[in-house]
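Working notes, beginning with the structure itself.
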Amino acid sequence: MLILNRYSWWLGAMVGLAILLGIAGQVGVLTPVQGVFLRVTSPFEALLTGIFRPVAGVLSSAGEIDDLRAENARLRVENEGLRNELAQRQQDAQRIRELEAALGLAEGDTSQSRLAANVVHRDSSPFTDVITIDRGSNDGVVKGMVVTSTQGSLMGTVTRVTPTRSFVRLITDTRSNVRAAVLGGEGADGILRGNPGRTLTLDLAQGDIKVGDTIITAGLGGAFPYGIPIGTVTSVEGSSQDLFPKVTVEPMTRLGTATTVLVLMSFVPETLDTGTGP
Amino acid sequence: MKGLAQLGAVFLAAIAQVTVAPLFPIAGANPQLVLLMLCLVAAFSGPVPAMVLTPVGAVMLGMLSDRDAGLLLLAYLPVVALGALLEDAPVPLSHAAKTYSMTLGAGLVARSVLAAGAMLGGAPAAIGALVSDVLVPGVFIDMVLLTLCYVPLRLAGLRGSGFRLQRGRYFASL
């Protein structure tokens, strides 16, 4: 331990600096510097991503070829079912329009303003899942905004914004909490949490929940609008006597490989506390 | 000039940590490239450059990943201290053994500190997942990458540096 005495001044200074940096990060003093730094680093990021992403894609495809084949077969069947469902929905929509016209009902504004953004960074570990997108306060992004995949599935919320970049905490981050519900389930709702290993569980969920059920945002608490698809129930563990079964949910979108996301600009979150959102 | 090269290397490591590392996960874990670079700097240039670059690397990565730079700094602190302890180990160790031991220990401590920070921030205290999903695969990746860097550098003729902080280096100019 004697040898460490020579480092004591440095260790003390670094611990002090760490505390200062922690406080500065919480207060947001470093945010302007962070914005400049991210702008400076963007060409280097683009270069490294451009080189390594194709390599990773090839390696990933080679390693998962059997899984991809199985998934492809499953998706073909699913696609056929969805096409049939879509055709039915189109017929229903047409029928509704005709009925609305007959009743003289005004059509409500259901448009959602979305901003497309590219994923430029990813900070991923079993406990952390944060992405950085190339849109920031200059584009109108504010903290708390909801981010979805290009297909509209929930990915996370914006936790910090710089002029040109925003950080998005994904739903698989272990600090993520989303009030979620079962689509069509009466009163079956709970809190969707990220777990180490990037899995999702629906905690405190009551009601009749089955494998294959679709999980959507419940719209409670004001952090998310109602009805954004999140994932599908893959397992429900526990007997009927259990108050809260263990519900595992698989995200609808592949969070790890998304390169483009959509920021929901038209939804203003009521709760901006990062502790309650993803 | 050497200092600038080291700074550039840490800068690139920080960028690669958020751009390249997530593309190549092993068992869900990623390498700690900044930590690895600090270990290499300590191994080939001694503790002083590592002491300077430790906070620099932590702040750079903190800004890039929106992690708490203070927590990252605490996570990276053991690099220099472990090197010094290994230098005075009761059993004489080769430079390679000291470098590998330092990287192994620093990797374990850094990941544990970062996971503890996540747990304090609301993540579940999953100790089993910490060991199986973070520490074991993470340290394995670190060792592989260290070998890929250390062996070619030694073969290229780069001499390993001592890990002990020399008093003379500070007081000679006074």
Side-chain angles (χ1 to χ4, degrees), chain A residues 1-4 6-7 10-11 13-15 17-26 30 33-34 37-38 41 44-49 51-53 55-57 59-60 120-128 130-132 159-160 167 169 173-177 193-198 256 275, chain B residues 11-12 14-25 28-30 47 51 54-55 58-77 80-81 84-85 87-88 111 114-115 117-119 121-124 126 128-130 132-134 137-138 164-167:
Chain A
M1 286 296 139
L2 185 64
I3 191 73
L4 284 182
R6 294 184 192 174
Y7 294 91
W10 179 77
L11 286 170
M14 289 301 110
V15 170
L17 180 61
I19 293 167
L20 277 178
L21 285 170
I23 294 168
Q26 292 297 319
L30 295 175
V33 186
Q34 189 178 21
F37 185 72
L38 289 172
T41 55
F44 297 98
E45 296 155 13
L47 180 70
L48 286 176
T49 306
I51 294 169
F52 286 98
R53 186 164 275 167
V55 178
L59 290 175
S60 173
V120 290
H121 287 165
R122 187 178 178 88
D123 181 24
S124 182
S125 77
F127 285 90
T128 310
V130 177
I131 58 171
T132 310
T159 54
R160 189 188 292 266
F167 295 94
R169 185 181 295 166
D173 188 294
T174 52
R175 294 164 292 177
S176 162
N177 293 308
R193 297 183 200 276
N195 292 308
R198 302 189 191 96
Chain B
F11 176 74
L12 281 178
I15 295 174
Q17 180 71 56
V18 292
T19 53
V20 181
L23 297 174
F24 302 98
N30 296 119
M51 290 162 83
T54 297
V59 170
M60 280 180 180
L61 185 57
M63 285 188 176
L64 282 167
S65 64
D66 201 34
R67 284 196 184 197
D68 189 331
L71 187 67
L72 284 166
L73 177 53
L74 290 177
Y76 294 160
L77 279 186
V80 174
L85 284 173
E87 193 72 44
D88 283 3
R111 286 183 173 82
L114 293 175
M119 288 172 192
L130 171 65
S132 63
D133 298 344
V134 180
R164 185 180 293 122
L165 187 63
Q166 301 294 334
R167 273 188 183 276

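Chain A is the first sequence line, chain B the second, and so forth, proteins listed ahead of strands; every chain is numbered from 1.
- For the set N30(B), L72(B), L12(B), the count of heavy-atom pairs under 4.5 angstrom toward chain A peaks at N30(B).
- Neither the backbone nor the side chain of S132(B) has a heavy atom closer than 4.5 Å to any heavy atom of chain A.
- For chain A, the nearby part of R67(B) is the side chain; its heavy atoms alone come within less than 4.5 Å.
- The greatest number of non-hydrogen atom pairs below 4.5 Å with chain A, out of V59(B), T54(B), L61(B), is found for T54(B).
- In this structure, the portions of R53(A) lying under 4.5 Å from any heavy atom of chain B include both its backbone and its side chain.
- Here L21(A) contributes atom CG and M63(B) contributes atom CE; the two are 8.5 Å apart, rounded to the nearest 0.5 Å.
- The OG1 atom of T49(A) lies 9.5 Å from the CD1 atom of I15(B); values are rounded to the nearest 0.5 Å.
- Here the straight-line distance linking atom CG of L64(B) with atom CZ of F44(A) works out to 11.5 Å at 0.5 Å rounding.
- Separating the CG atom in L11(A) from the CG atom in L74(B) is a distance of 10.5 Å, to the nearest 0.5 Å.
- Of the listed residues (R193(A), R160(A), Q26(A)), the one with the most heavy-atom contacts under 4.5 Å to chain B is R160(A).
- Residues P55(B) and M14(A) have side chains in contact (heavy-atom distance under 4.5 Å, counting atoms from C-beta outward).
- If you take OG1 on T19(B) and CZ on R122(A), they are separated by 13.0 Å, rounding to the nearest 0.5 Å.
- Heavy-atom distances place both the backbone and the side chain of M60(B) under 4.5 Å from chain A.
- In terms of non-hydrogen atom pairs under 4.5 Å with chain A, the most contact-rich of V20(B), V134(B), V18(B), L114(B) is V18(B).
- Proximity to chain B (any heavy atom under 4.5 Å) is shown, for L17(A), by both the backbone and the side chain.
- For L130(B), the parts sitting under 4.5 Å from any heavy atom of chain A are the backbone and the side chain alike.
- The greatest number of non-hydrogen atom pairs below 4.5 Å with chain B, out of I23(A), I51(A), V33(A), I131(A), is found for V33(A).
- For E87(B), no part sits under 4.5 Å from any heavy atom of chain A, backbone or side chain.
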